[in-house]
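Both counts, for ligands and for their atoms, begin at 1 and track the order of listing. Nothing here was measured: the structure is a model prediction, and the numbers come from that model. Computation of the quantities below employed the complete heavy-atom set of this structure, encompassing side-chain atoms and omitting hydrogens, waters and symmetry-equivalent molecules. Along the sequence shown, residues are numbered consecutively beginning with 1.
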Amino acid sequence: MPKNIVRVVVPPGKTVLLLRGDITLAKTDAIVNAANSSLMGGGGVDGAIHRAGGPAILEECRKICGAQGPLPTEKAVATTGGKLVARHVIHTVGPVWNGGQRDEAELLQSCYRESLLLAEKLNLTSVAFPSISTGAFGYPVEKAAVVALSAVIETLAQLNSVSQAHFVLFDQFTLGVYSQAARELLSSGRFPSIGIDSND
Ligand code: APR
């Protein structure tokens, strides 16, 4: 396995990969966008996805918001991937960090769960996630990593179509934090059936 990639094996036959990279280049069936409720684009990963995918994504976002209003925090909707390799973009809205007193963990968990359930509904096999809420929305990465990994491991085990979830993390620090969180989840015994391979 290439250096710096961590693989979490989730029986039966599911995989969660942690790697460093630019999610706009991911070759998964769908990539997840850490959007805001307007779905009109923004900075960070949201801006990068709209720039790389082109105007077809924004056009569909406009239609969705026109029909159903702003996307609430924790929900997910899908659009085309436009010019991306990924055929679909799943847009979800993470919580803004408020000290942990406003159900941030539950809302963040729901973002990952809703995104995976939507991918399953679309019959997809693989989905790539960024680290939702840990940039502009200020969620501490150490806390977010545990929530994100637990939600993905738990949900993936319940799905049929989706068998691979990738965390495409933009910088080495974030990858290190997620890798450490995965090791801690393994040793906590919370998910007794998971295993971890890594070369770092
Ligand atoms: N690929 C992968 N990860 C990326 C990329 C990229 N191309 N660009 C940025 N990131 C990372 C950031 O480094 C951070 O770790 O995505 C993570 C999430 O950061 P943000 O994009 O700021 O997302 P979030 O904290 O959820 O804030 C959402 O930011 O731009 C706005 O419209 C967006 O208002 C919304 C808010």
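The shortest N/O to N/O separation between I132 and ligand 1 does not fall below 3.5 Å.
Protein heavy atom closest to atom 23 (O) of ligand 1, with residue, atom name and distance, is A34 CB, 3.8 Å. Closest to atom 36 (C) of ligand 1 among all protein heavy atoms lies F137 CE2, 3.5 Å. Residue, atom and distance of the protein heavy atom nearest to atom 31 (C) of ligand 1 are G43 N, 3.8 Å. What sits closest to atom 7 (N) of ligand 1 on the protein, heavy atoms only, is D22 OD1, 2.9 Å. Shortest contact from atom 15 (O) of ligand 1 to any protein heavy atom: T134 OG1, 3.6 Å. V45 CB, 4.0 Å is the protein heavy atom nearest to atom 16 (O) of ligand 1. Of the protein's non-hydrogen atoms, F170 CB, 3.9 Å is the one closest to atom 11 (C) of ligand 1. Counting only heavy atoms of the protein, atom 26 (O) of ligand 1 lies nearest to S133 N, 2.8 Å.
Close approach to D46 involves these atoms of ligand 1, each under 4.0 Å from a residue heavy atom: 32 (O), 33 (C).
Contact detail for A52 and K83: the closest heavy-atom pair is O-CB, 3.7 Å. A pairwise comparison of heavy atoms in Q172 and N4 identifies NE2-OD1, 3.4 Å as the closest pair.
The side chain to side chain donor-acceptor pair (under 3.5 Å) test with T79 singles out one residue from H91, K63, H88, E59, and that residue is H91.
At a 4.0 Å cut-off, at least one heavy atom of G21 sits close enough to ligand 1 to count as contact.
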Let me see the working for E184 and Q180 under side chain to side chain donor-acceptor pair (under 3.5 Å), right down to the final yes or no. CA-CA 6 Å; E184 282 170 16; Q180 183 58 28; 2.9 Å; yes
Take E114 and K121 through the test salt bridge (charged side-chain N to carboxylate O under 4.0 Å, His left out) and record every step on the way to the result. CA-CA 10 Å; E114 293 277 320; K121 211 166 158 186; over 6 Å; no
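Inspection of the T155 and Y112 side chains reveals no N or O donor paired with an N or O acceptor under 3.5 Å. A donor-acceptor contact under 3.5 angstrom links the side chains of E74 and S110, judged on distance only. When only modelled atom types and interatomic distance are considered, T80 and R87 share no side-chain donor-acceptor pair under 3.5 Å.
Compare S131, A136, S37 by their heavy atoms: the one nearest to atom 18 (C) of ligand 1 is in S131.
Grouping the Ile, Leu, Val, Met, Phe, Trp and Tyr side chains by contacts below 4.5 angstrom, directly or via other members, places L169 with V177.
Contact annotation for V168 and ligand 1: only backbone heavy atoms (N, CA, C, O) come within less than 4.0 Å of the ligand.
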